[in-house]
Amino acid sequence: MKNSSWILWIFTALTLLGYFPALQAADGPPNVVVIITDDQGWGDLSLHGNTNISTPNIDALAEAGAQFDRFYVSPVCAPTRASLLTGRYHPSTGVVGVSRGQERMNLDEVTFADLFKAVGYATGGFGKWHNGSQYPYHPNGRGFDEFYGFTCGHWANYFDTLVDHNGQEVRGEGYLTDEFTERAMKFIDANKDHPFLCYVAYNTPHTPFQVPDEFFDRVKARGLTMFNRDKTRERDIDTISALAMCENIDWNVGRILNKLEEDKIAENTIVIYMSDNGPNTWRWNGGMKGKKGAVDEGGIRSPFFVRWPGHIAPGTKSDRIAAHIDVLPTLVDLTGIDVTKSDKAPKPLDGVSLKPLLMGDSQDWPDRMLFSNFRGRSSVRTQQYRADAKTLFDMQDDPGQRNNLAKDKKQLHRELAAALKKWNAQWSDNSPRSADQRPYPVGARPTPPTMLPVQDGQFHGKRLQYSAPPPNASWMDGWTNRADYPYWEIDVIHPGRYEAILKYTCAEDAVGTELELSFRDSHVKGKISEAYDPPLIDSPDRAERKESYEKPFKRMTLGEIDLEKGRGRLKLKALNQPGEEILDLRAIELRQIDK
């Protein structure tokens with residue numbers, strides 16, 4: 001059954017059959033902790049045989065519950081998160097990329113945070129969001145009472161950096177992964193006597209390769225003895241850095257598990273651990289083909305562990321294929337929450353509940369097809385085979401995808417390729433791909449300031465550019481011609497008067513530049529009265545980076561502008577140019593002042 005009442009139907013049926021012992025327990029409905037890492041490959045765990053790394057806490061978590069040997073996610077970050085949160089393939093949620101607005105989930109999507117919050121759970125999200133920044137795309141608009149982290153895909157610096165706390169910009173203290181753990185532990189502690197959902201979305205081992213000395217030094221001293229199947233593509237410093245970040249993750253996972261024990265709620269807490277895609281560099285990954293970004297096994301196979309003491313037997317193992325789309329229906333099934341309480345009707349699910357496999361009942365588990373796509377590449381996975389338009393691999397006999405059977409098994413390949421083509425056809429016409437189709441909301445209620453970073457804008461002119469190839473967490477530079485300008489496609493939800501604030505840097509000769517911000521027939525003008533040209537913040541990188549560096553930006557109130565309801569372009573233009581370069585711009589902030 002695949003319609004909007006799917007979750008309600010299975011919940012009702014399983015309740016009548018007495019399948020929800022947790023709801024009948026004296027200690028109430030179970031808590032939920034979902035931990036997802038960023039760019040950690042299947043092979044980045046000692047549990048999976050990698051002797052380059054030691055991950056005792058994650059290994060113990062896996063051994064205390066269920067381990068899925070063939071669990072799949074999307075090839076990159078934002079699509080996986082959208083599927084995890086909604087139980088649906090990412091193209092149906094509107095997520096078709098990782099930046100420039102393509103990472104946003106459609107606003108009618110229902111997240112597991114929406115569902116749990118509706119039945120009284122406290123909900124907290126900590127770490128990397130990557131499914132939209134402006135409210136209501138922001139986590140606080142997607143079911144999370146509490147959010148501490150960052151909302152875009154890349155971040156420039158992992159130490160003492162600026163982060164988002166419930167829509168407000170604050171400066172954190174310490175290493176980000178450690179700090180996200182601290183915040184999650186405080187949330188758990190504050191809600192130990194109340195059902196909670198805690199979503200911990202670590203930002204590592206995603207680049208930039210930054211990690212505290214104790215972890216880096218330990219992995220470096222241990223040395224590398226296992227390598228990618230094509231060792232010529234591997235850089236030792238990248239591998240050492242990524243594995244050191246994974247060992248830091250392991251230490252932090254141990255801290256969360258210890259907190260559950262200290263608060264005496266471990267027995268009544270479901271803990272899930274997974275990653276969002278394959279490894280971000282060429283390193284040992286069980287001999288699989290591909291890495292992050294690929295639709296091959298190595299690009300999308302993820303660790304997946306579920307612990308629930310007293311309900312899931314330690315040492316439970318499943319070799320059935322499963323995926324990120326299964327997490328939401330599984331949590332609904334395990335906890336028995338009433339999904340009819342949600343304000344938004346649940347949408348048709350692509351995933352299924354894994355509860356029978358978790359409880360050791362796989363006798364009648366049917367074969368299924370799991371699909372993956374990203375940037376024109378796609379594949380389909382069955383229990384035995386992996387196929388795309390040109391290849392077919394027997395994953396049981398050939399897990400490294402070295403022997404293409406498309407010519408030997410033509411009929412099977414045609415069938416799988418046809419299923420893949422049909423699946424892809426669903427998204428060809430209805431997936432939003434530009435801000436013109438989904439402008440950025442301004443002034444949505446409640447009304448935190450609306451931040452419009454340059455990564456969400458577009459450039460008119462050929463000289464404007466981002467400070468690094470990945471636009472996330474970058475700034476705009478190259479503004480040397482006043483005929484060029486940045487603009488944002490916006491949708492003013494609540495009309496009124498707004499204070500416009502720039503986050504900028506500029507040289508001394510740019511003082512006196514007059515700027516104009518306009519929207520439809522409204523505009524506001526202001527002059528740069530103070531130069532601000534600080535150096536980049538020191539970046540303790542272990543290896544080469546591709547992300548932008550972090551630098552401080554000055555806040556300048558440009559003035560007040562009247563924004564009428566509706567869609568249009570918000571443009572920032574320079575009316576004169578006293579210096580060689582106008583300014584570097586990080587973001588425009590809009591604060592409604594006549595609520």
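Checked by atom type and distance alone, the side chain of Arg438 pairs as donor or acceptor with a backbone atom of Arg104 at under 3.5 Å. Not a single donor-acceptor pair under 3.5 Å links the side chain of Asp456 to the backbone N or O of Arg100. A donor-acceptor pair is defined here as one N or O able to donate and one able to accept, closer than 3.5 Å; no such pair exists between the side chain of Asp276 and the backbone of Thr80. Side-chain atoms of His324 do not come within 3.5 Å of backbone N or O of Ser83 as any donor-acceptor pair. Not a single donor-acceptor pair under 3.5 Å links the side chain of Asn106 to the backbone N or O of Asp108.
A parallel orientation is assigned to the rings of Trp308 and His311, their planes being inclined by less than 30° (bins at 30° and 60°).
By the side chain to side chain donor-acceptor pair (under 3.5 Å) test, Lys220 is found to be paired with no residue, residues two or more places apart in sequence or in another chain being considered. Judged as a salt bridge (Lys or Arg N to Asp or Glu O under 4.0 Å), and not counting sequence neighbours, the contacts of Glu550 are Arg171. For Pro314, the side chain to side chain contact (heavy atoms under 4.5 Å, CB included) criterion is met by no residue, not counting sequence neighbours. For Asn285, the side chain to side chain contact (heavy atoms under 4.5 Å, CB included) test picks out Trp42, Pro279, Met288, with sequence neighbours left out. Residues satisfying the side chain to side chain donor-acceptor pair (under 3.5 Å) criterion with Tyr148, sequence neighbours excluded, are Glu179. Under the rule for a side chain to side chain contact (heavy atoms under 4.5 Å, CB included), the partners of Tyr158 that lie at least two apart in sequence or sit in another chain are Trp155, Tyr175, Leu176, Asn203, Thr204, His206, Pro208, Gln210, Met245. For Arg283, the side chain to side chain donor-acceptor pair (under 3.5 Å) criterion is met by Asp44, Asn280, Thr281, not counting sequence neighbours. Every residue two or more places apart in sequence or in another chain was checked for a side chain to side chain contact (heavy atoms under 4.5 Å, CB included) with Asp343, and none qualifies. For Gln40, the side chain to side chain donor-acceptor pair (under 3.5 Å) partners are Thr37, Tyr273, not counting sequence neighbours.
Applying the salt bridge (charged side-chain N to carboxylate O under 4.0 Å, His left out) test to residues at least two apart or on different chains, the pairs with a partner in residues 142-165 are Lys117-Asp145. Applying the side-chain hydrogen bond (donor to acceptor under 3.5 Å, both in side chains) test to every pair with at least one member in residues 182-197, sequence neighbours left out, gives these pairs: Glu182-Arg255. A salt bridge (charged side-chain N to carboxylate O under 4.0 Å, His left out) check over residues 301-310, counting only residues at least two apart or in different chains, returns the pairs Asp69-Arg301.
Only one option out of Phe144, Phe126, Tyr121 pairs with Phe187 in a ring-ring contact (aromatic ring centres under 6.0 Å, His included); it is Phe126. Between Tyr202 and the options Asp39, Asn248, Thr181, a side chain to side chain donor-acceptor pair (under 3.5 Å) holds for only Thr181.
Geometrically, Arg381 does not engage Tyr72 in a cation-pi contact, judged by NZ or CZ lying under 6.0 Å from the ring centre and within 45° of the ring axis.
For NZ of Lys317, the number of neighbouring non-hydrogen atoms (other residues, nucleotides, ligands) closer than 6.0 Å is 12 at most.
In terms of heavy-atom proximity, Ala468 sits nearest to Lys546 at CB-O, 3.4 Å.
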